[in-house]
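In what follows, a single structure is set out as structure tokens and then discussed.
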Amino acid sequence: MEQGRVVDRILVAMAALLGAAAVASGAIAAHALTGVPAARLETASRYAMWHALAIFAFAALRPGHRLAPALWLLGCLGFSGGLVANILGAPDIVLRITPTGGGLLILGWVVAAFACARRNGT
């Protein structure tokens, strides 16, 4: 059981870092960029922040359920990470990972819905 708690703590710590990155990238988008790069970074920031908050809420409401938060973290890496990598100069082909990241974000919400709908909550 202790290993599970360690995983929970790691997921929540990663969500906190995701939230910090979202604030920093939002500030950069608002103050240092214009045009398409600013719009892409703002989108990446918004999605990262919402999912960081979702991970915190889910960890509080459904402790021990790790699949949805893990999918949200991976989805943010793919979606937001792909957008940020492109802004930092990665080739446009990197943007092809963003739909996969978006799919993982959606899948995380579906998994969360099933986890919450189960009668016994497990």
Side-chain angles (χ1 to χ4, degrees):
M1 191 61 134
E2 180 58 34
Q3 182 181 6
R5 290 183 187 156
V6 170
V7 172
D8 288 341
R9 286 196 315 266
I10 290 170
L11 284 171
V12 171
M14 291 178 75
L17 293 174
L18 185 62
V23 172
S25 62
I28 292 168
H31 300 291
L33 298 175
T34 59
V36 172
R40 284 185 180 167
L41 191 57
E42 196 278 325
T43 298
S45 173
R46 187 173 7 132
Y47 275 68
M49 182 56 78
W50 279 112
H51 287 89
L53 294 172
I55 292 166
F56 280 114
F58 202 73
L61 297 172
R62 289 287 187 239
H65 289 271
R66 298 173 191 96
L67 183 56
L71 289 168
W72 290 329
L73 282 171
L74 290 172
C76 281
L77 285 174
F79 182 81
S80 297
L83 292 175
V84 170
N86 181 255
I87 292 163
L88 294 174
D92 284 343
I93 196 164
V94 170
L95 290 175
R96 291 188 182 187
I97 67 169
T98 59
T100 301
L104 290 172
L105 293 173
I106 294 167
L107 183 58
W109 287 106
V110 171
V111 167
F114 279 103
C116 292
R118 290 187 59 129
R119 183 175 278 234
N120 63 2
T122 62

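Because the structure is a prediction, the values reported are computed rather than measured. Values below: every heavy atom of this structure, side chains too, minus hydrogens, waters and symmetry copies.
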Let me check something: do [X] and [Y] share a hydrophobic cluster, defined by ILVMFWY side-chain heavy atoms less than 4.5 Å apart, either directly or through other members?
X     : Y     : value
Val12 : Leu53 : no
Val7  : Ile10 : yes
Leu11 : Trp72 : yes
Val36 : Leu41 : no
Leu74 : Leu18 : no

Practice problem: Kindly indicate, with the supporting measurements, whether the criterion side-chain contact (heavy atoms from CB on, under 4.5 Å) is fulfilled by Leu71 and Trp109. | Solution: CA-CA 9 Å; Leu71 289 168; Trp109 287 106; over 6 Å; no
Quiz item: Shortest non-hydrogen contact from Arg66 to Arg5?
Solution: NH2-N, 4.1 Å
Quiz prompt | Distance-minimising heavy-atom pair for Ala15 and Ile55 | solution = CB-CG2, 3.5 Å
Exercise. Enter the distance from Arg62:CZ to Arg118:CZ here, rounded to the nearest 0.5 Å.
Key: 10.5 Å
Quiz item: Just how far is it from atom OG of Ser45 to atom CG of Leu83, taken to the nearest 0.5 Å?
Solution: 11.0 Å
Output side-chain donor-acceptor pairs under 3.5 Å for residues 91-108, partner residues at least two apart or in another chain, one line each.
unit_1	atom_1	unit_2	atom_2	d
Asp92	OD1	Asn86	ND2	2.9
Thr98	OG1	Leu95	O	2.6

Quiz prompt | Backbone of Ala38 reached by a side-chain donor or acceptor of Arg40 within 3.5 Å | solution = no
Quiz item: Under 3.5 Å, is there a donor-acceptor pair between the side chain of Ser80 and the main chain of Leu77?
Solution: no
Exercise. Over 60° means perpendicular and under 30° means parallel, so classify the ring planes of Tyr47 and Phe79, tilted if in between.
Key: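 Correct class here is tilted.
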